[in-house]
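Protein chains get the first letters and strands the later ones, always in sequence-line order, with residue 1 at the start of each.
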There are 2 protein chains.
Amino acid sequence: MIKTSDEKYLKAIYQISLAENSSKATISELAYYLDLKPPTVLERLKILQEEKLITYKKAKGIVLTKIGEKESLNVIRKHRIWETFLHKVCKFSWSEVHELAEQLQNANSEKLIDRIYALSGSPKFDPHGDPIPDKSGKLPTSERRPLLNSVEGCKCVVLGVNEDSHDFLNYLTELKIGLNDKLFVEKIFVFDGSIKVKYKNNENAVLSSRVAEKILVTCTKPNCTCKN
Amino acid sequence: MIKTSDEKYLKAIYQISLAENSSKATISELAYYLDLKPPTVLERLKILQEEKLITYKKAKGIVLTKIGEKESLNVIRKHRIWETFLHKVCKFSWSEVHELAEQLQNANSEKLIDRIYALSGSPKFDPHGDPIPDKSGKLPTSERRPLLNSVEGCKCVVLGVNEDSHDFLNYLTELKIGLNDKLFVEKIFVFDGSIKVKYKNNENAVLSSRVAEKILVTCTKPNCTCKN
DNA sequence: ACACAAAGTTAGGCTTACCTAATAATATTG
DNA sequence: CAATATTATTAGGTAAGCCTAACTTTGTGT
């Protein structure tokens with residue numbers, strides 16, 4: 001079994017490797033992500049390497065081994081299941097679940113994860129719209145894309161977001177845009193790419209391209225011309 | 001707010017002070033309870049004292065201050081609510097909940113405790129039959145007493161146990177004796193005080209006095225002559 | 001291609017939470 | 001009440017996980 005203290009590193013490495021298109025994680029990125037200093041990270045990477053969870057050479061960057069990737073996906077699974085549970089069963093808001101899940105995922109019981117996952121209805125995606133890996137580490141697929149890539153007239157539904165910051169999530173809450181909401185793309189302003197959407201019962205908002213980039217949606221019209 | 005690392009000490013001090021009739025906790029007791037060595041405990045007691053959570057003098061033993069007691073009860077509240085949740089909602093067995101609760105109670109959210117308490121049906125007693133303090137630290141009362149104090153013919157119901165060891169809890173599970181089970185005291189053997197009970201659908205068992213001492217019950221007959 | 005910036009690395013230090021071994025204080029008991 | 005056993009305390013040590021400061025390596029731009 002893997003050390004609890006390894007988990008945050010593995011999760012971070014995985015997220016950086018994939019989320020950033022770059023695909024090679026570096027020490028300073030990791031340090032920044034984890035809010036630590038580079039020497040601290042370096043020190044730990046040596047241990048992770050001894051544990052055969054990563055390989056690291058300054059040329060190649062930090063790369064997860066097969067085992068490392070599997071463990072990472074397991075950490076991510078735990079995290080996302082806790083988030084789902086907190087949101088769906090415990091009725092926490094979208095913006096509250098992340099930190100709490102971080103703390104709870106330290107509890108070390110596969111069985112517990114299974115139970116709370118079942119209690120949450122075993123969905124394939126967490127409340128941020130991120131896919132929940134299965135036990136073997138497989139990720140479900142979806143056609144998520146940024147709202148930004150929409151064309152006028154598009155009807156889509158919110159699957160998640162690209163960013164976890166409180167400021168961003170609170171902004172969405174303020175606008176009353178939440179998971180599974182249907183958005184109608186009324187107008188796109190060529191000037192700066194901002195997007196006017198209608199949703200719920202006559203709510204509407206103009207979203208800056210910076211925001212539209214971070215809202216992940218899928219089209220509900222069959223042959224939508226939106227860019228994926 | 002109190003330090004997470006203080007919590008286990010406070011809980012332990014509280015339990016020792018009350019559970020053991022002695023009522024004054026000592027360093028070696030605490031060390032034994034927490035599976036630490038006395039110098040470690042002593043060192044930490046000095047800090048707890050600076051934080052005004054306890055007073056300690058070797059003559060008087062370790063005594064919780066008002067604040068310390070309140071914090072202890074809050075830790076105990078969290079712990080027992082988690083145990084309740086794990087048992088009632090997540091369907092963990094009686095013997096599994098303790099360790100898991102220990103890990104989960106580190107998560108620091110009053111709100112979360114409230115939610116999972118509500119999900120569990122807000123009972124006054126946890127799955128071991130121990131009372132759950134309310135937010136202000138008040139304990140609900142009950143007429144729990146050891147099964148050992150019963151008289152023949154007594155009808156009682158299991159409210160909890162006096163001991164948390166796996167061996168003991170597994171033994172009860174084996175016998176199929178669980179929380180809220182009704183026990184009929186069929187015979188008491190004067191020889192060694194062991195007790196023959198009938199329960200469920202014709203289950204029956206002879207319980208040694210050592211075991212009967214650790215099963216906590218309350219009588220269901222109005223004017224029972226059992227010793228309290 | 002070389003100077004300067006960015007990233008990585010080394011060395012050494014701090015704090016927390018543990019430990020052991022030795023000593024001191026306090027109880028117990030023959 | 002002296003001898004012994006128990007408990008408390010002190011001193012000093014270790015490992016984990018973090019840090020800063022200084023040095024080295026590796027880009028990058030003109």
Side-chain angles (χ1 to χ4, degrees), chain A residues 1-13 15-17 20-64 68 71 75 99 102-103 105-106 108, chain B residues 1-13 15-17 20-64 68 71 75 99 102-103 105-106 108:
Chain A
M1 227 331 92
I2 210 175
K3 280 189 267 174
T4 307
S5 48
D6 286 344
E7 300 201 343
K8 66 175 179 182
Y9 282 87
L10 290 178
K11 177 154 163 274
I13 294 166
Q15 313 258 35
I16 291 174
S17 306
E20 319 290 313
N21 45 8
S22 75
S23 103
K24 72 175 165 205
T26 66
I27 288 191
S28 10
E29 262 180 306
L30 239 193
Y32 179 76
Y33 189 99
L34 292 170
D35 199 17
L36 296 171
K37 304 296 168 185
T40 305
V41 171
L42 174 61
E43 187 175 60
R44 188 48 98 78
L45 289 186
K46 289 177 183 163
I47 296 168
L48 291 175
Q49 199 157 19
E50 278 166 23
E51 296 172 328
K52 310 259 185 252
L53 295 169
I54 61 163
T55 60
Y56 170 62
K57 285 199 196 87
K58 70 188 151 205
K60 298 252 179 185
I62 305 157
V63 181
L64 291 166
E71 293 293 350
V75 178
E99 286 145 82
E102 206 83 335
Q103 301 181 247
Q105 80 192 36
N106 286 130
N108 199 26
Chain B
M1 227 330 92
I2 211 175
K3 282 190 266 174
T4 307
S5 48
D6 287 344
E7 300 200 342
K8 67 176 178 183
Y9 282 88
L10 290 178
K11 177 155 163 274
I13 294 167
Q15 313 258 36
I16 291 174
S17 305
E20 318 291 312
N21 46 8
S22 77
S23 104
K24 71 176 165 202
T26 67
I27 288 191
S28 10
E29 262 181 306
L30 240 193
Y32 179 76
Y33 189 99
L34 293 169
D35 199 17
L36 297 171
K37 304 294 167 185
T40 305
V41 171
L42 174 61
E43 186 175 60
R44 187 49 98 76
L45 289 185
K46 288 177 185 164
I47 296 168
L48 292 175
Q49 199 157 19
E50 276 166 25
E51 297 173 327
K52 309 258 184 255
L53 295 169
I54 61 161
T55 60
Y56 170 61
K57 284 198 197 90
K58 69 188 151 207
K60 296 253 178 183
I62 305 158
V63 180
L64 291 165
E71 294 293 349
V75 178
E99 287 146 84
E102 206 83 336
Q103 301 181 243
Q105 81 192 35
N106 286 129
N108 199 25

What's the CG-C1' distance between A:Asp6 and D:dA16, to the nearest Å? 12 Å

Which part of the nucleic acid, if any, lies within reach of B:Ser28 when heavy atoms closer than 4.0 Å are counted: base, sugar-phosphate only, or nothing? sugar-phosphate

Just N and O in the side chain of A:Ser5: are any of them under 4.0 Å from OP1 or OP2 of D:dG17? yes

Identified side-chain contact (heavy atoms from CB on, under 4.5 Å) partner of B:Ile16 from the options B:Leu30, B:Ile62, B:Leu34: B:Leu30

Whole-Å distance, B:Ile27 CD1 to C:dA24 P, equals 18 Å

D:dA21, D:dG17, D:dT9: which one has an atom nearest the side-chain heavy atoms of A:Pro39? D:dA21

Counting the atoms with a prime plus P, OP1 and OP2 as sugar-phosphate, which does A:Lys3 contact under 4.0 Å by heavy atoms, base, sugar-phosphate, or nothing? nothing

Base, sugar-phosphate or nothing for A:Tyr9? Non-hydrogen atoms, less than 4.0 Å. sugar-phosphate

Could you tell me how far apart B:Leu36 (CG) and C:dC18 (P) are, to the nearest whole angstrom? 5 Å

Can you name the closest pair of heavy atoms from A:Ala31 and A:Lys37 and give their distance? CB-C, 3.9 Å

B:Lys58 side chain N/O closer than 4.0 Å to the phosphate oxygens (OP1, OP2) of C:dT26? yes

Within the structure shown, what part of the strands sits under 4.0 Å from A:Lys57 by heavy-atom distance: base, sugar-phosphate, or nothing? nothing

For residues A:Lys11 and A:Gln105, report the shortest heavy-atom separation together with the two atoms involved. CD-NE2, 4.4 Å

Return no unless some side-chain N or O of A:Tyr56 is found under 4.0 Å from OP1 or OP2 of C:dT9. yes

Examine C:dC18: is either OP1 or OP2 under 4.0 Å from a nitrogen or oxygen in the side chain of B:Lys37? Give yes or no. no

Identify the two heavy atoms, one from B:Asn108 and one from A:Gln103, that lie closest to each other, and give their separation to 0.1 Å. N-NE2, 3.1 Å

Can you measure A:Ile16 atom CD1 to C:dA7 atom C1' for me and round it to whole angstrom units? 15 Å

Look at the side-chain N and O atoms of B:Lys46 and state whether any lies under 4.0 Å from the OP1 or OP2 oxygen of D:dA8. no

Around atom NZ of B:Lys52, are there more than 12 heavy atoms of other residues, nucleotides or ligands at under 6.0 Å? no

How many Å lie between OH on A:Tyr32 and P on C:dA7, as a whole number? 13 Å

Taking atom C1' of C:dG8 as reference, at what distance in whole Å does atom CD1 of A:Ile62 sit? 11 Å

Round to a whole Å and report the spacing from CZ of B:Arg44 to P of C:dC18. 7 Å

Closest non-hydrogen atoms of B:Leu42 and B:Tyr56, given as atom of the first, atom of the second and distance, are CD1-CE2, 4.1 Å

Mind checking A:Leu42 for me? I need base, sugar-phosphate or nothing, with any heavy atom below 4.0 Å counting as a touch. base

Do any side-chain nitrogens or oxygens of B:Thr40 fall under 4.0 Å of OP1 or OP2 in C:dC19? yes

Rounded to the nearest angstrom, tell me the gap between atom CD in A:Glu29 and atom C1' in C:dA7. 11 Å

Find which nucleotide of DNA chain D each of B:Glu43 and A:Asp35 is nearest to by heavy atoms, and output the residue with the more 5' nucleotide. B:Glu43

